[in-house]
2 protein chains.
Amino acid sequence: MNQTIVELLQRHELRKTAMRGEVLKIFLEAGKQAITHPELEQRLPDADRITLYRTLKAFEDKGLIHQVVDSGNATKYALCNDACTEHRHHDEHAHFHCNDCGKTICLDSITTSTIQVPRGFKVQQTHLVLEGTCNNCEN
Amino acid sequence: MNQTIVELLQRHELRKTAMRGEVLKIFLEAGKQAITHPELEQRLPDADRITLYRTLKAFEDKGLIHQVVDSGNATKYALCNDACTEHRHHDEHAHFHCNDCGKTICLDSITTSTIQVPRGFKVQQTHLVLEGTCNNCEN
DNA sequence: TAGACAAATGCAACAATATTGCAAGTTAAA
DNA sequence: TTTAACTTGCAATATTGTTGCATTTGTCTA
C-alpha cells in the first residue's frame, strides 16, 4: 500500500485494510472521474459486494469521497477535495455526464456558490450536473 | 377524464387510457413538485406496478414528463414545460430538494443557461440541484 | 511485543427497485 | 365493425441495497 494511500486513510480516521487500500487506489487512478459501484465490483472481482457498500459508506462518512448526483441510475462516487471533512461535504463544483461514453467527470472550474434562492429556502449543498458529449467523444 | 388531460395526451401522441389519465391527473395536481415512483404506487393502489413503469417511460419518451436528478435514491419525475418534445427535453431550471420533508420542487426562476464549459465539451442538458431546507420546513 | 478491545469483513438472508416475455384486452383508424 | 397496433397484467427474473451475526483484523496500551 503506497504512502499517499496510507496518509489519506489516516487523515480521515480510517483503518488501513487491504480492501480500503485497493478501493482508494482505484479512486486515485480515476482522478476527476466518478466511479460506479458496479464498476468497482468489476475491477475487484474478489471483493465482497456488501463490504464494498460498507467501504464506500465509510469513505463517504469520513469525507474522503462523495456521492455524485447525476442522470443515469447507478450510484456514482468521486474523490472529495481537501475541504471535505467528517462533518461536512463541500463539493460545489459541477459534474459533467457524457451521454456517449457514460463517464462522469468533475469540473472544478465551474462552481455554484453564487446562486440566489427564494425567501425561506436554506441551501446546504448544491449539485450541478451537465449532460452532453465530453471532449473525448466529441469528434 | 377532463379536457386538459385528453389534450395533453393527444398532443404527445399518447393513447388515452384509464391508467394514463389517472397518472397524468396526479402530475397536474402536483404542479411544480416532483413525484416518486413509490408515491404513485401509493396513490394508485390498484395500478399494476409494471404498467406504472411503462406508463412513466412512455410519458418520458414523448416529452410529457422528465426524470428529476437529485440526491436521494428514489427516481423522481416532474411535468415538462411546453418546450419539451419527443425529440428533446429542455429543462434548464433548478430543482430544490428538501432534506426535511423530502419534497423536490422546481424553481423556474433559477436557470443554468449561461454556464461556460471547457473546450470540447458539448452540453445538451443541465440539472441544477439545490439541497437544504424548503420554505415550508424552515421555522 | 503481547493481549485486549473495537472495528472491519464475509456470509446468509432478505427487501426494494427495475426489466423482459407473453397472452389477453383496449384503442384508434379505415 | 373489423383490423392492426398498442397497452395492460401477470409471471419470472435481474439488479441494487440492507441487516444480523460470527469470525478475522487493526490499533492501542501495558
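Each chain gets a letter, A, B and so on, in the order its sequence line appears, and its residues count up from 1.
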Run A:Phe59 and A:His12 through ring pair (Phe, Tyr, Trp, His ring centres under 6.0 Å) and show every step you take. CA-CA 8 Å; A:Phe59 281 12; A:His12 290 88; 8.8 Å; no
Under the ring-ring contact (aromatic ring centres under 6.0 Å, His included) test, which residues partner A:Phe121, sequence neighbours left out? B:Phe96
Return the value, rounded to whole Å, for the distance between atom NZ of B:Lys16 and atom P of C:dT27. 10 Å
Euclidean distance, atom CG of residue A:Leu52 to atom P of C:dG10 [Å, nearest integer]: 10 Å
Apply ring-ring contact (aromatic ring centres under 6.0 Å, His included) to A:Tyr77 and list each qualifying residue two or more places apart in sequence or on a separate chain. none
Which atoms form the tightest heavy-atom contact between A:Cys134 and A:Cys101, and what is the distance? SG-SG, 3.9 Å
Heavy-atom nearest nucleotide on DNA chain C for B:Ala18 versus A:Leu14: which residue maps closer to 5'? A:Leu14
d(CD, B:Glu60; P, C:dT19) in whole Å: 10 Å
If you assign each of B:Asp46 and B:Arg49 to its closest nucleotide in DNA chain D, which residue comes earlier from the 5' end? B:Asp46
Short side-chain N/O contact to C:dG10 OP1/OP2 from A:Thr51, under 4.0 Å: yes
Under 4.0 Å: is that the gap between some side-chain N or O of A:Thr55 and OP1 or OP2 of C:dA8? no
Once you round it to whole Å, what is the distance between C1' of C:dA15 and OH of A:Tyr53? 12 Å
A:Glu22 has an atom CD; how far is it from atom P of C:dT9, in whole Å? 11 Å
Nearest of C:dG10, C:dG21, C:dA28 to any side-chain atom of B:Arg54? C:dG21
Using whole Å, report how far CG of A:Leu44 lies from P of C:dG10. 11 Å
I need the CE-C1' distance between B:Met19 and C:dA24, as an integer number of Å. 18 Å
Residue met sooner reading DNA chain C from 5', once A:Arg20 and B:Pro38 are mapped to nucleotides: A:Arg20
Please find out if less than 6.0 Å separates the ring center of B:His95 from that of A:His127. no
Chain A reaches DNA chain D, atoms under 4.0 Å from its heavy atoms, from D:dT16 to D:dT27
Rounded to the nearest 0.5 angstrom, the NE2-OG1 distance for B:His97 and A:Thr126 is 14.0 Å
Atom CD of A:Glu41 to atom P of C:dG10: distance rounded to whole Å? 13 Å
Any ion pair linking B:Lys25 and B:Glu29 (charged N to carboxylate O, less than 4.0 Å)? yes
